[in-house]
S.K.: 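Before I ask anything, here is the structure I am working with.
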Amino acid sequence: METDLRAEKPLLVTGGKAKTAETADELRVCSNGVSSREPRRLEEWNRSREWGDSEGIAPISSKLDWGTISRLRLEQRKPGDFAELMKSMPTKRTSKWIVVTSIAAPTDDVKRLASYADWTLVVVGDTKTPADWSLPDVHYLSIETQEAMGFDSVLRLPTRSYTRKNAGYLYAIANGAQWIYDTDDDNKPFGKGLDQFEYARDRMRGLRFTTLEWPNGTIQESLFNPYRHFGRPDMWPRGFPLEHIKKHDHHDGAYRLCRVQRPSAVQQGIVQKDPDVDAIFRLLHAEPAAGLDETFSEFAPPVILAPGTYAPWNSQNTLFARSAFFGLVLPTTVAFRVTDIWRSYFTQALLHTAGETVSFVPVNAIQKRNAHSYLKDFDDEIDVYDKTGEIVAFIDKWECKEDTMDKCTIELAGHFAEKGFWGNEDAQLVVHWVLDLQKIGYTFPAVRRGARNEYTIGDDKDLRRNCRRVHVSFSNDLPVNKSMPAEKRAAAKINNFGDLKEADYGGLSEDEIRRQTEASDECTYHFLTIFPVNKSMPAEKRAAAKINNFGD
């Protein structure tokens with residue numbers, strides 16, 4: 001039996017709790033002034049119905065059924081809508097998906113992304129996208145197609161907005177994606193490209209960045225600057241709290257080297273040439289016509305950020321594992337230059353609640369940005385400069401009071417609205433995003449308390465401990481003699497290196513090497529194991545990296 005929803009009052013969410021809007025004026029405030037779609041949104045709100053109770057979000061659970069979902073939906077839809085839609089879409093559907101949004105005809109970079117045999121590309125259109133957009137094996141989603149998919153959260157997306165990407169994420173998840181590469185139509189994989197990411201989901205070895213004195217450490221000690229790690233301490237990414245830049249460093253002993261650790265659920269790749277920095281850095285350093293031309297260390301390895309440490313990451317060169325798909329949603333009530341940064345901090349807090357992490361990998365993409373107004377970027381980034389530090393301080397103290405991740409996601413979205421980080425409309429969006437994920441069978445990760453205490457360094461005298469403290473720093477490999485090619489510099493370092501014990505480990509297994517090194521000094525152990533992980537480097541460069549970065 002169908003229910004008439006037109007007389008029901010719209011829902012507001014504040015601090016994770018539900019209440020109803022009493023007037024159209026109150027509703028217009030919640031819609032955050034999207035005037036071009038306000039009449040339609042008011043109509044949608046009037047079709048919505050009240051849910052929940054005054055104490056919280058009781059109907060939301062990790063095992064939603066169709067009856068519960070339909071009771072909370074904005075409008076009734078036929079369950080077969082999406083399946084019917086897929087009959088007209090390309091048949092190529094792999095476990096790895098790429099999501100971009102575009103208002104241009106297929107670019108060379110988009111065509112390159114479409115050519116990857118193991119990846120399926122979905123392109124999300126907008127009102128300015130050419131009506132005849134088409135590319136073989138590419139899933140193109142026009143506005144009409146997006147609205148026909150049957151996802152209520154998609155109906156809440158404004159047009160002419162980067163956040164239309166949310167429709168592409170849901171589309172890929174509904175088609176069984178296990179990995180989603182989030183990028184843009186002007187981003188070009190470089191070097192190892194997408195193979196630079198780590199696809200193992202059980203265990204890996206490598207560097208880990210953590211806080212020294214949690215829970216008594218400072219926010220500054222919890223911040224990680226990926227550009228500093230990759231040899232550029234003079235740079236900072238868009239979204240790094242400005243008030244901490246001047247005195248920030250990766251304090252001594254914050255790194256760990258772990259033999260076994262869980263791979264990250266989100267991986268951000270570093271971008272060469274014109275990386276993602278804020279307008280302040282561009283105004284100071286970029287050429288008006290040519291933009292930036294920046295490079296990073298070829299020798300710095302990937303690094304995992306432990307729960308309780310934070311760094312901004314974007315939507316331009318980022319890989320999501322399925323366990324992190326719930327954090328893909330982009331907020332709509334903030335500026336274009338803010339939306340992916342707010343998502344990164346929002347998602348990090350939730351990932352830490354699930355015991356998951358974020359990592360940064362070496363350069364694997366290159367971007368050449370079009371000349372544009374950096375002052376306009378500055379205006380769009382005001383919230384980034386003004387509120388990022390406040391957000392980090394809040395999420396560092398926040399602990400979810402719920403027992404499932406779907407509830408935690410909605411709770412945190414409500415707090416973000418309550419504190420003014422984004423509008424109430426985004427708290428609403430997250431509610432329906434969660435319901436859409438449940439509808440297509442997505443399983444949220446479990447809540448895992450105490451994740452900050454994982455992978456401790458143990459007793460320094462125990463040579464068999466999993467993680468040990470390491471002291472590392474990396475430069476951008478800018479030599480005094482810049483005329484000497486990098487390969488010759490590497491060979492020179494190898495030939496002139498004589499401070500370490502000579503040892504021939506050719507043909508020995510890892511266990512045999514460990515037995516020999518444990519009988520020797522700890523420095524030799526570090527030399528053998530600390531820098532094996534930058535997949536983009538030839539063996540000679542890796543050897544040079546070990547020598548160049550081997551320290552005290």
S.K.: Identify all side-chain donor-acceptor contacts of residues 97-104 below 3.5 Å with residues at least two apart in sequence or on another chain.
M.R.:
from   : atom 1 : to     : atom 2 : distance (Å)
Trp97  : NE1    : Thr94  : O      : 2.7
Thr101 : OG1    : Val124 : O      : 2.9
Ser102 : OG     : Ala104 : N      : 3.2
Ser102 : OG     : Ala104 : O      : 3.3
Ser102 : OG     : Asp185 : OD2    : 2.9

S.K.: Got more than 12 heavy atoms from elsewhere within 6.0 Å of CZ, Arg201?
M.R.: yes
S.K.: Only counting residues at least two apart or in another chain, list the ones meeting side-chain contact (heavy atoms from CB on, under 4.5 Å) with Ser142.
M.R.: Tyr140, Glu144, Thr145
S.K.: With no hydrogens and no angle check, is any side-chain donor or acceptor of Ser297 less than 3.5 Å from a backbone partner on Ser475?
M.R.: yes
S.K.: What do you reckon, are the aromatic ring centroids of Tyr345 and Phe394 less than 6.0 Å apart?
M.R.: no
S.K.: Please determine, by modelled atom types, if Asp426 and Thr332 share a side-chain donor-acceptor pair under 3.5 angstrom.
M.R.: yes
S.K.: Report yes if some heavy atom in the side chain of Ile270 is under 4.5 Å from a heavy atom in the side chain of Pro226; otherwise report no.
M.R.: yes
S.K.: Looking at Arg112 and Asp109, does any basic side-chain N land under 4.0 Å from a carboxylate oxygen?
M.R.: yes
S.K.: State whether Arg343 and Asp182 are salt-bridged, where the test is any N-O pair (Lys NZ or Arg NE/NH1/NH2 against Asp/Glu carboxylate O) under 4.0 Å.
M.R.: yes
S.K.: Are Phe82 and Asn175 packed together at the side-chain level, in the sense that at least one heavy-atom pair is separated by less than 4.5 angstrom?
M.R.: yes
S.K.: In chain order, what residues pass the side-chain contact (heavy atoms from CB on, under 4.5 Å) check against Ala349, with sequence neighbours excluded?
M.R.: Ile395, Trp398, Leu412
S.K.: Kindly indicate, with the supporting measurements, whether the criterion side-chain contact (heavy atoms from CB on, under 4.5 Å) is fulfilled by Asn314 and Val271.
M.R.: CA-CA 11 Å; Asn314 57 41; Val271 173; 6.0 Å; no
S.K.: Report yes or no: does His139 contribute a side-chain atom to a donor-acceptor pair with the main-chain N or O of Met86 at less than 3.5 Å?
M.R.: no
S.K.: Is there a side-chain contact between Phe197 and Trp179, using heavy atoms and a 4.5 Å cut-off?
M.R.: no
S.K.: In the structure I gave you, are the side-chain heavy atoms of Pro189 and Leu113 within less than 4.5 Å of one another anywhere?
M.R.: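 Yes, close enough: below the 4.5 Å cut-off.
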S.K.: To the nearest 0.5 Å, how far apart are CG in Leu330 and OG in Ser161?
M.R.: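 Leu330 CG to Ser161 OG: 8.5 Å, rounded to 0.5 Å.
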S.K.: Take Phe325 and Phe320 through the test side-chain contact (heavy atoms from CB on, under 4.5 Å) and record every step on the way to the result.
M.R.: CA-CA 7 Å; Phe325 284 175; Phe320 288 74; 4.0 Å; yes
S.K.: Going through the distances and angles, do Phe378 and Tyr385 end up as a ring pair (Phe, Tyr, Trp, His ring centres under 6.0 Å)?
M.R.: CA-CA 9 Å; Phe378 179 87; Tyr385 310 139; 5.2 Å; yes
S.K.: Quick one: closest heavy-atom pair of Val384 and Arg337, and the distance?
M.R.: CG2-O, 3.9 Å
S.K.: Using the side-chain contact (heavy atoms from CB on, under 4.5 Å) criterion, which residues pair with Asp274? Sequence neighbours excluded.
M.R.: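 Checked Asp274 against side-chain contact (heavy atoms from CB on, under 4.5 Å); matches are Arg282, Leu292, Arg369.
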S.K.: Looking only at heavy atoms, which two atoms of Pro237 and Asn225 are closest? And how far apart?
M.R.: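 The pair with the smallest heavy-atom distance is CD-OD1, 3.4 Å.
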S.K.: Indicate yes or no: does Asp108 engage Lys188 in a salt bridge with an N to O separation below 4.0 Å.
M.R.: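 Judged by the 4.0 Å cut-off on N to carboxylate O distance, Asp108 and Lys188 do not form a salt bridge.
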S.K.: Can you name the closest pair of heavy atoms from Pro301 and Phe474 and give their distance?
M.R.: CD-CZ, 3.3 Å
S.K.: Under the side-chain contact (heavy atoms from CB on, under 4.5 Å) criterion, do Leu170 and Leu437 qualify, and how do the steps go?
M.R.: CA-CA 7 Å; Leu170 286 172; Leu437 288 175; 3.9 Å; yes
S.K.: If we only count heavy atoms from C-beta on, is the Glu198 to Ser264 side-chain gap below 4.5 Å?
M.R.: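 No. Closest side-chain heavy atoms not under 4.5 Å.
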S.K.: Within the 3.5 Å criterion, strictly below it, is a donor on Tyr162 or Asp184 matched to an acceptor on the partner's side chain?
M.R.: yes
S.K.: Using the benzene-type ring in the case of Trp, are the ring centres of Phe209 and His250 under 6.0 Å apart?
M.R.: yes
S.K.: With rounding to the nearest 0.5 Å, note down the distance linking CD1 in Ile341 to CZ in Arg238.
M.R.: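 Here the interatomic distance stands at 4.0 Å.
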S.K.: Please round to the nearest 0.5 Å and tell me the distance separating atom CD1 of Ile173 and atom CG of Leu328.
M.R.: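 Result: 5.5 Å between the selected atoms.
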S.K.: Please answer whether the main-chain N or O of Gly269 pairs with a side-chain N or O of Asn317 as donor and acceptor at a distance below 3.5 Å.
M.R.: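 Between the backbone of Gly269 and the side chain of Asn317 there is a qualifying donor-acceptor contact (under 3.5 Å).
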S.K.: Take a 6.0 Å sphere around NZ of Lys273 and say whether it holds more than 12 heavy atoms from other residues, nucleotides or ligands.
M.R.: yes
S.K.: Do the side chain of His248 and the main chain of Leu223 share a donor and acceptor less than 3.5 angstrom apart?
M.R.: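 Yes, because the side chain of His248 sits within donor-acceptor range (under 3.5 Å) of the backbone of Leu223.
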S.K.: Tell me the closest heavy-atom pair linking Leu141 and Gly168, and the distance in Å.
M.R.: CD1-CA, 4.1 Å
S.K.: What I want to find out is whether Lys439 reaches Asp436 closely enough, with some N-O distance under 4.0 Å, to be called a salt bridge.
M.R.: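 Yes.
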S.K.: Would the His285 and Tyr374 ring centres measure less than 6.0 Å apart?
M.R.: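 Judged by ring-centre distance (under 6.0 Å), His285 and Tyr374 do not meet the cut-off.
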S.K.: So which heavy atom on Asn424 is nearest to which on Ala417, and how close?
M.R.: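 Scanning both residues completely, I find the closest heavy atoms to be CA-CB, 4.0 Å.
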S.K.: Is there a donor-acceptor pair closer than 3.5 Å between any side-chain N or O of Lys92 and the backbone N or O of Pro136?
M.R.: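 Looks like no, no N/O pair under 3.5 Å.
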S.K.: Sequence neighbours left out, what pairs pass ring pair (Phe, Tyr, Trp, His ring centres under 6.0 Å) with at least one residue falling in residues 110-132?
M.R.: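 Sorted pair list comes back empty.
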S.K.: Where the side chain of Arg322 meets the backbone of Ala177, is there a donor-acceptor pair that is under 3.5 Å apart?
M.R.: yes
S.K.: Determine yes or no for a side-chain-to-main-chain donor-acceptor pair under 3.5 angstrom, with Thr107 supplying the side chain and Val110 the backbone.
M.R.: yes
S.K.: Determine, using ring centers only, whether Trp422 and Phe346 are less than 6.0 Å apart.
M.R.: yes
S.K.: Taking the side chain as everything from C-beta on, heavy atoms only, tell me whether Phe444 gets closer than 4.5 Å to Gln438.
M.R.: yes
S.K.: Do the rings of His352 and Tyr310 sit parallel, tilted or perpendicular, given the 30° and 60° boundaries?
M.R.: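 The arrangement is tilted - the two ring planes meet at 30° to 60°.
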S.K.: Taking side-chain contact (heavy atoms from CB on, under 4.5 Å) as the definition, give me every residue that meets it alongside Ala335, ordered by chain and number, with sequence neighbours left out.
M.R.: Val338, Asp380
S.K.: Just so I know, are the side chains of Trp236 and His244 near enough to count as touching, which here means a heavy-atom distance under 4.5 Å?
M.R.: no
S.K.: Are Tyr227 and Phe296 near enough that their ring centres are under 6.0 Å apart?
M.R.: yes
S.K.: Using every non-hydrogen atom in the two residues, find where His229 and Leu207 come nearest and quote the distance to one decimal.
M.R.: CE1-CD1, 4.1 Å
S.K.: Leu121 and Asp137: side-chain contact (heavy atoms from CB on, under 4.5 Å), yes or no, with the steps?
M.R.: CA-CA 8 Å; Leu121 175 62; Asp137 289 331; over 6 Å; no
S.K.: Between Asp396 (side chain only) and Val392 (backbone N and O only), is there a donor and an acceptor less than 3.5 Å apart?
M.R.: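 Checked: no pair found.
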S.K.: Looking at Arg93 and Gly176, would you say the former's side chain and the latter's main chain have a donor-acceptor pair under 3.5 Å?
M.R.: no
S.K.: Heavy-atom count around Lys376 NZ within 6.0 Å, excluding the residue itself: above 12?
M.R.: no
S.K.: I'd like to know if Glu454 pairs up with Arg262 as an ion pair, taking the criterion as any Lys NZ or Arg NE/NH1/NH2 lying under 4.0 Å from an Asp or Glu carboxylate oxygen.
M.R.: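 The answer is yes: the pair qualifies as a salt bridge.
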S.K.: Arg232 side chain to Thr295 main-chain N or O, any donor-acceptor pair under 3.5 Å?
M.R.: yes
S.K.: For Tyr199, is the NZ or CZ atom of Lys96 found under 6.0 angstrom from the centre of its six-membered ring and inside 45 degrees of the ring axis?
M.R.: yes
S.K.: Any side-chain heavy-atom pair from Val303 and Phe224 closer than 4.5 angstrom?
M.R.: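 In contact.
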